[in-house]
Amino acid sequence: MEYNFKEIESNWQAYWAKHKTFAAKDGGDKPKYYVLDMFPYPSGAGLHVGHPLGYIASDIVARYKRHKGFNVLHPMGYDSFGLPAEQYAIQTGQHPKITTENNIAVYRRQLDKIGFSFDWDREVRTSNPEYYKWTQWIFIQLFNSWYNKSSDKAETISTLISEFETNGNSKVNAACEESVQSFTAAQWKAFTEKEQSDILMAYRIAYLGEAYVNWCPQLGTVLANDEVKDGVSERGGYPVERKLMKQWSMRINAYAQRLLDGLDTLDWTDSLKEAQRNWIGKSEGTSLRFKVIRHPELVSGSQEMLKQVQHDIEVFTTRPDTIFGVSFLTIAPEHELVESLTTAENKAAVEAYVTQAKNRSERERQADVTKITGVFTGSYVEHPFTGKQIPVWIGDYVLAGYGTGAVMAVPAHDSRDYSFAKHFGLPIIEVVKGGDLEKESYDAKEGILINSDFLNGLQVKDAMKLAMQEIEIQRLGKKKLNFRLRDAVFGRQRYWGEPIPVYYKNDIPYVLAENELPLVLPEVDKYLPTEDGEPPLARASSSWKYKGEFDYEHSTMPGWAGSSWYFLRYMDPHNGSVFADKKLTDYWQQVDLYIGGSEHATGHLLYVRFWTKFLKDLGYIDIDEPAKKLINQGMIQGLSSKAFRVSFGVSHTSIADSPDSKKELLPVKEIPPVFVSKSLFDSFNKEEWTADRQMAIDKISEIGNIITKQLQALHPDKVGKLSFNESIFQINVDVNLVSKGNILNVESFKNWREEYKSAHFLLEENGDYICGTEVEKMSKSKYNVVTPDDIAEKFGSDTLRLYEMFLGPLEQSKPWNTNGITGVHGFLKKLWKLFYGTGTFAVSDDEPTKGELKTLHKTIKKITEDIERFSFNTSISNFMICVNELTDAKCNKRAVLEPLLICLSPYAPHIAEELWKQLGHAESISTAPFPDFNEAYLVDDSVNYPVSFNGKVKFTLELAATLTAPEVEAIVMANEQTSKFLDGKQPKKVIVVHKKIVNMVV
RNA sequence: GCGCACGUGGCGUAAUUGGUAGCCGCGCCAGACUUAGGAUCUGGUCCGUGAGGGUGGGGGUUCGAGUCCCUUCGUGCGUACCA
């Protein structure tokens, strides 16, 4: 019987589904193991071969752990809220729910075909109201919490309110808005409800706050920092600008230190942890206040009044040691003191500058970081130690959102201040020796302090300490930690997301009660903002109001909301009374292995850690981190095929033809497309002139002439001829039209597009049309998408699974290329043959030979080690070696083949199940215990010793394994080959590494 | 600029702690069986006729380096005025 993968695979997929083979049990004697894939957004394009890479790896681990006696949780679901479905809805009017459901159906069909061992009874969809009820519930907990820095965790807001009622806020040590004023208990009680609400808002972890946000006009929504790449939106690539808006946000900044510390406990890749560390961006420094010296003309009052209105500019610096090098202050254009610092004569210039700086899009700002702009305010501050007057400038190199939005500029020792100072001719004061300030600033943190009063002569490190001390003693400022990590904007002005469970009464936001959840997404007539710029939810019917009266929040939650806790829901996916039963979260604990793309490094993976810590603070779960071990699978890029299209124009052939003759030229539109094969393109594409290049041009011109004649025959009244524009465009060709060796199927290509029907081709000498290739992202628009379905159709899913793993290390990115797939497929056929060697199923019950047992146990050992270190590509080669050896030995013995099948079943489950059944087993192979490997079978009687001279191996000696090192040395020294290579000399030293190698120093 | 990976045959890759570099697969070459093959099977395949050379280049540590250290070049990814 032939290896009929199609039948085998569909049979077993049906069997698994019917018997719920992979359903996880909540509890039991077995140890638990939780393997999770980052769940997909179900896009309209379906899965391509890159998507399953990580799923295959995690499935191998899941199946392996089941064999090893673990109770495995291996779920899958969909991150089903998101922009593409909504964009599609805007274009077509189709409800995103329908689009999403259709896409999910396609995904599911594709996933099932690959034979994953998911427990589908636990599937979650973030857009399902039963799911997002709990996303909303978590939001409410975040709203009803504040971050107590003293206990270093989130606490319920009621503890804060009772503190306000007894002591006011003077003793409160919270992560909150800087702008909060202090008040007493009496004052608190006297505040109106609105005032109290506003104050509490400054403390809540989910809060409504005014902040500069990334506004994307084309998408009509704000975006989080991690959704913006290079100043444009990550999805769609639309420009993003900064805008001051009132927005729901998450006080993730409160967790910055814990998010940083937690990294040390995680078994994640260094690059991923490093990316998070950079994103969190901790820096230790000091805050420092500079007294503003009021310009007399600013104040229309007496000197007395002048003193009263004085205020300070607070800066943040990590280099307090360079305090004597400050020659100016720079504040951000958005700084709150801009207006009050600006003198009358500078007013016009400052206003113009600020307006211009604010209107610049994020992209423009990033694009010309080298362009230095700024303006003088006219005001001065006093140097805290020298008392000298220091000018205050405005510059957009200072970011409003970081530190205090103001810096003390030390041009001698900070490259940005240096460029600014050079550009505006401001003084540069050297305070640390070691650099050449004519050329550049000296930013290094080493050297001796000069020009620095009490710091003179000190090393930078010591100067930092002393300066810091002095600043604190004189109460000019204090030590401060700063994090680059900004609070995360949580509102999106979009339709297809979780409604934020908030309503407004008298302009005060209130959250819904738990029993009022879920707040279901209302129907709208259009998925666009309203005329006055309100989000789409404002289009909901007038009955969509809280208690029929109060407006709901019109923003929805961002994409990362649902994915920030889904790993918990899988533990208890159908619970209607709690997001997940504590007993179950305690049982399943952390994800043991999490696999997904590295693009989530600073988004999802940071937010999910944040929510996990938050839920722990409130006592809902007992774990601090969502995933113990994480692997980033590499991206599979597409291999695009390119055809080379010649560009022709039409020109006049003679003076008689010239424009004055008023004869019409041949129509450019009717020129048939002309494609040249790769070698011609390559010849043409050479930088310098070569004979080859000229030949290519001649050939192209020649075909131009032929086409000219054809066109002239069609249009006898018109004049002109085709001329080669000396340019050839590369166009993407559907990879399905190209066969091995990049040969284009010309006939299919002509039928591909109406416009190519009449195409001309300049072929290779052998008559083929050869395409070019390029590695690009796999995408519909590049016609380079290869779906897993294509591969499964041709070779079967087991081959697909093995081949994706065989491609190379999991973490590595690589282009998709089916060159080696026949080898992997051949391996499965060879395996099949071990059982069906004679044409019918035949397995012997004979005792295996020593050699066969060695092959088997060597394989068990290697496979076990490979899986434990997630090295799947090497396991495939080890299986191949094993099957090759067994084939050579003509081994069809049950005692060898049975354990081998179990080892293979995580990788190629369908064929393993089928052969397992043929061997007479009634139960699925999936829980058969993984074979133990026995060292005894691997022990060799002899060792092949390489004998080397000065590290170069000259010959090998087969010696008994029982020999000791000195015995080996004696035998080697007595060997005639040794004396030949020694050539009569005495070796200086002989090294014998037992059972490894012999080396002689001559 | 900064951070993190990574450079090995024609190609994808292997070599867990320093111990015979090139396993496995593709491709290629030769042969067998076939009307035929993008089927199957067998043998060969780092370069060099050979001594020998060889893991991007240079240097070092070591009896011994693809592996460790320094330096340099190149590629990929992330990030970017974070004071």
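Just so we're on the same page: letters track the sequence lines, and every chain starts at 1.
In the model, A/Asn878 has no side-chain atom that pairs as donor or acceptor with a side-chain atom of A/Lys858 under 3.5 Å. A/Asn482 and A/Ser283 share no donor-acceptor pair across their side chains, judged by distance under 3.5 Å alone. Side-chain contact, A/Glu2 with A/Tyr836: no donor N or O sits under 3.5 Å from an acceptor N or O. Side chains of A/Thr855 and A/Glu885: a donor on one and an acceptor on the other come within 3.5 Å.
Relative to the side chain of A/Thr822, the nucleotides B/rC4, B/rC26, B/rU16 differ in distance, and B/rC26 lies closest. With distances taken from any side-chain atom of A/Ser877 to the nucleotides B/rA83, B/rC63, B/rC24, the minimum falls on B/rC24. With B/rA39, B/rG64, B/rA83 as the choices, the nucleotide that has an atom nearest any side-chain atom of A/Lys829 turns out to be B/rA39. Here the nucleotide nearest the side chain of A/Lys833, chosen from B/rA15, B/rU20, B/rU40, is B/rU40.
B/rG9 takes the syn form, because its glycosidic angle lies no more than 90° either side of 0.
A/Lys814 comes within 4.0 angstrom of no nucleic acid atom, judged by non-hydrogen atoms across all strands. Contact annotation for A/Asp417: no contact, since no heavy-atom pair falls under 4.0 Å across all strands. Residue A/Ile881 is classed as a sugar-phosphate contact, given heavy-atom separations below 4.0 Å to backbone atoms only. Using a 4.0 Å heavy-atom criterion, one finds that A/Val993 contacts the bases of the nucleic acid, with or without backbone contacts as well. Counting non-hydrogen atoms under 4.0 angstrom, A/Asn884 reaches the backbone sugars and phosphates but no base. Nucleic acid contact class of A/Asn999 (heavy atoms, under 4.0 Å, all strands): base. Among the heavy atoms of the strands lying under 4.0 Å from A/Val398 is at least one base atom, whether or not backbone atoms are also near. Using a 4.0 Å heavy-atom distance criterion, A/Val953 is classed as a sugar-phosphate-only contact. Residue A/Lys954 is classed as a sugar-phosphate contact, given heavy-atom separations below 4.0 Å to backbone atoms only. Heavy atoms of A/Glu599 sit nowhere under 4.0 angstrom from any nucleic acid atom.
Classified by interplanar angle (parallel below 30°, tilted 30° to 60°, perpendicular above 60°), the ring pair A/Phe949/A/Phe955 is tilted.
Between the side chain of A/His604 and the main chain of A/Glu599, no donor-acceptor pair closer than 3.5 Å is present.
Under the Watson-Crick or G-U wobble criterion, with both distances below 3.5 Å, B/rG3 is paired with B/rC77. Taking a pair to require two hydrogen-bonding distances under 3.5 Å in either a Watson-Crick or a G-U wobble arrangement, B/rG9 remains unpaired. When both distances must be under 3.5 Å, the Watson-Crick or G-U wobble mate of B/rG19 is B/rC63. Both distances falling under 3.5 Å, in either a Watson-Crick or a G-U wobble arrangement, place B/rG31 opposite B/rC41.
One finds no side-chain N or O of A/Ser948 lying less than 4.0 angstrom from the OP1 or OP2 phosphate oxygen of B/rU20.
Distance noted for atom P between B/rC47 and B/rU55: 15 Å (whole Å). For B/rC73 and B/rC24, the P atoms lie 38 Å apart once the distance is rounded to whole Å. Atom C1' of B/rG3 sits at a distance of 25 Å from the matching atom of B/rG66, rounded to the whole Å. Rounded to the nearest Å, the gap between the C1' atom of B/rA15 and that of B/rU75 is 23 Å. Taking the C1' atoms as reference points, B/rU67 lies 11 Å from B/rU17, given to the whole Å. Comparing B/rA14 with B/rU35, their C1' atoms sit 42 Å apart, to the nearest whole Å. For the C1' atoms, the distance linking B/rC46 with B/rG54 amounts to 8 Å, nearest Å.
Distance CG (A/Leu807) to P (B/rC24): 19 Å, rounded to an integer number of Å. Distance A/Glu274 CD to B/rG78 P: 16 Å, rounded to the nearest Å. Rounded to an integer number of Å, the gap from CG of A/Asp888 to P of B/rU42 is 8 Å.
Here A/Arg869 does not pair with A/Glu865 in a salt bridge; the nearest charged N to carboxylate O distance is not below 4.0 Å.
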